[in-house]
Amino acid sequence: MAIPIRRLLAVTALLLAAGCAPAAPTEPVAAAACEPGGLPTLTAGTLTIGTDQPVYPPWYLDDDPTSGEGFESAVAYAIAERLGYTRDAVSWVRVPFNAAIAPGPKTYDLNLTEFSISEERRQAVDFSSPYYDVAQAVIAIEGNPAAAATSIADLQGVRIGGQVGTTSYQAIVDQIAPTTEPSVFNTNDDAKLALTNGQIDALVLDLPTAFFVTSAELDGGVIVGQLPAGGGTPEQFGAVLDKDSPLTGCVSEAVDALRADGTLDALEQEWLASAGAAPELR
């Protein structure tokens with residue numbers, strides 16, 4: 001049966017229009033992926049944030065991450081707000097430092113525990129954009145020969161320690177290179193006790209923690225000095241997420257926005273700037 005010319009032309013036009021139409025997008029656009037309060041979190045409608053136990057000032061106060069007090073607690077809630085989660089929609093879980101960056105599924109959506117961004121760690125987890133540039137510092141007890149050190153060479157012959165799995169410990173190995181093997185501790189509390197008891201002569205911590213420990217927790221504690229940036233590049237803290245997490249891009253966008261609008265600078269001034277400065281060891 002012959003097809004009327006008018007109908008044939010209409011069908012041809014439809015086919016041509018369909019052939020010229022743009023293909024449907026295969027992935028959601030960024031705006032939809034980061035819809036406020038609607039991210040694919042572990043628990044729908046809740047943003048679960050992880051941190052270690054215990055946690056210390058000035059990053060968290062009174063070992064209470066829920067308070068919003070302390071630099072990382074304040075940053076965590078600022079990120080949550082940017083992502084569209086009110087304070088009552090934030091849940092906290094405690095995860096040991098090394099377990100938090102080990103391969104495998106996570107019990108948190110993001111984790112803030114002074115994690116330095118490194119390519120080695122990126123093999124197991126994702127990192128957000130950095131929220132803080134950090135230096136490592138050496139502390140000692142007054143009267144100990146390590147307290148009088150003025151250079152890295154002066155520290156190479158002393159007994160020195162740091163927390164296992166941290167960049168503080170790695171800085172001992174890479175930047176100080178002591179002649180005796182550095183001591184390794186499960187927590188900073190263990191390391192501080194060893195310093196107090198004379199088991200080690202010096203301890204390496206990130207600079208803000210070093211200021212707090214020497215001013216509030218150690219009798220006669222002094223900051224010997226800070227270590228230069230390894231390889232000339234600054235060490236940076238980032239939020240940790242599960243490897244290939246669908247939230248990584250959104251969390252990075254939130255951190256970038258907090259940096260751009262001055263929030264990170266303001267929180268740094270509020271919680272970290274009072275620590276002061278320390279001489280750089282060469």
Side-chain angles (χ1 to χ4, degrees), residues 37 39 41-43 45-102 106-116 125 127-128 130-132 134 137 139 163-168 185-193 196 203 205-218 221 237-242 247 251 254-255 258 263-276:
L39 303 183
T41 54
L42 291 174
T43 302
T46 298
L47 186 67
T48 303
I49 303 178
T51 195
D52 201 354
Q53 189 169 37
V55 283
Y56 306 94
W59 311 106
Y60 298 89
L61 300 192
D62 300 320
D63 193 27
D64 180 13
T66 69
S67 69
E69 297 188 324
F71 180 71
E72 286 189 319
S73 181
V75 169
Y77 281 115
I79 291 172
E81 184 177 358
R82 281 281 179 180
L83 294 175
Y85 293 87
T86 58
R87 191 167 177 135
D88 60 0
V90 173
S91 175
W92 289 86
V93 295
R94 300 301 192 113
V95 186
F97 187 94
N98 286 333
I101 51 175
K106 304 294 182 281
T107 58
Y108 56 79
D109 294 308
L110 62 151
N111 190 311
L112 283 79
T113 315
E114 303 102 78
F115 289 110
S116 295
V125 296
F127 283 98
S128 71
Y131 57 82
Y132 180 64
V134 65
I139 69 171
Q163 183 179 341
V164 63
T166 63
T167 50
S168 298
F185 301 94
N186 288 327
T187 68
N188 279 336
D189 279 342
D190 292 341
K192 287 181 290 185
L193 182 61
T196 301
L203 172 62
L205 303 165
D206 64 74
L207 185 58
T209 301
F211 273 109
F212 176 79
V213 167
T214 54
S215 65
E217 295 190 333
L218 291 180
F237 289 165
V240 168
L241 300 95
D242 202 358
L247 306 183
V251 174
V255 173
L258 293 171
T263 298
L264 290 181
D265 284 342
L267 293 177
E268 187 174 330
Q269 287 297 313
E270 180 179 359
W271 296 108
L272 304 180
S274 61

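- Note that the OH atom of Y60 and the CG atom of D52 stand 9.5 Å from one another [nearest 0.5 Å].
- Between F237 and W59, the ring center distance clears the sub-6.0 Å criterion.
- Side-chain contact check for V213 versus K192: some heavy-atom pair is nearer than 4.5 Å.
- Of all heavy-atom pairs between A254 and L83, the closest is CB-CD2, 4.1 Å.
- Side chain of T41 to main chain of L47: no donor-acceptor pair is present (N/O by atom type, distance under 3.5 Å, no hydrogens or angles).
- Of all non-hydrogen atoms in R94 and P54, the two that sit nearest each other are NH1-CA, 4.3 Å.
- F127 has its side chain within reach of V240: a pair of non-hydrogen atoms, C-beta onward, lies under 4.5 Å apart.
- By the neighbour-count criterion of 12 heavy atoms within 6.0 Å, atom CG of D64 is densely surrounded, having more than that number from other residues, nucleotides or ligands.
- In this structure, E72 and V55 have side chains that are not in contact, with every pair of non-hydrogen atoms separated by 4.5 Å or more.
- Taking every heavy atom of both residues into account, G165 and N98 meet most closely at CA-OD1, 3.6 Å.
- Tested against N111 for a side-chain hydrogen bond (donor to acceptor under 3.5 Å, both in side chains), the candidates T113, D109, T107 yield a single pass: T113.
- Y108 places a side-chain N or O within donor-acceptor distance of the main-chain N or O of A100, the cut-off being under 3.5 Å.
- Aromatic pair F71/Y132: ring centres closer than 6.0 Å.
- No hydrogens or angles considered: nothing links the side chains of T187 and D189 as a donor-acceptor pair under 3.5 Å.
- The heavy-atom pair separating L272 from P58 by the smallest distance is CD2-CG, 3.4 Å.
- Using a distance-only test at 3.5 Å, with no hydrogens or angles considered, no donor-acceptor pair links the side chain of T48 to the main chain of S91.
- Surrounding CD of E81 are at most 12 heavy atoms belonging to other residues, nucleotides or ligands under 6.0 Å away.
- In this structure, the ring of Y85 has its center no less than 6.0 angstrom from the ring center of Y77.
- Between A210 and I139, the closest heavy-atom pair is CB-CG2, 3.6 Å.
- For the atom pair OG1 of T46 and CD1 of I49, the computed distance is 11.0 Å after rounding to the nearest 0.5 Å.
- Atom-to-atom distance recorded for L193:CG and N188:CG is 12.5 Å, nearest 0.5 angstrom.
- Side-chain N or O atoms of R87 include one that pairs as donor or acceptor with a backbone N or O of T66 at under 3.5 Å.
- Not a single donor-acceptor pair under 3.5 Å links the side chain of Q163 to the backbone N or O of S168.
- Distance check, rounded to the nearest 0.5 Å: OH of Y131 to CD of E268 gives 12.0 Å.
- The minimum heavy-atom distance linking F212 with E217 is given by the pair CE2-OE2, 3.4 Å.
- Remark: the backbone N or O of Q53 is not paired with any side-chain donor or acceptor of D63 at under 3.5 angstrom.
- Judged purely by atom type and a 3.5 angstrom limit, T51 uses its side chain to pair as donor or acceptor with the backbone of L112.
- Here the OG1 atom belonging to T196 is positioned 9.5 Å from the CG atom belonging to L203, to the nearest 0.5 angstrom.
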* Would K106 and V125 satisfy side chain to side chain contact (heavy atoms under 4.5 Å, CB included), going step by step from the backbone distance to the final call? -> CA-CA 10 Å; K106 304 294 182 281; V125 296; 3.8 Å; yes

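- To the nearest 0.5 Å, atoms OG1 (T209) and OH (Y56) are separated by 9.5 Å.
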* Could you please spell out the steps behind the side chain to side chain contact (heavy atoms under 4.5 Å, CB included) verdict for L205 and T166? => CA-CA 9 Å; L205 303 165; T166 63; over 6 Å; no

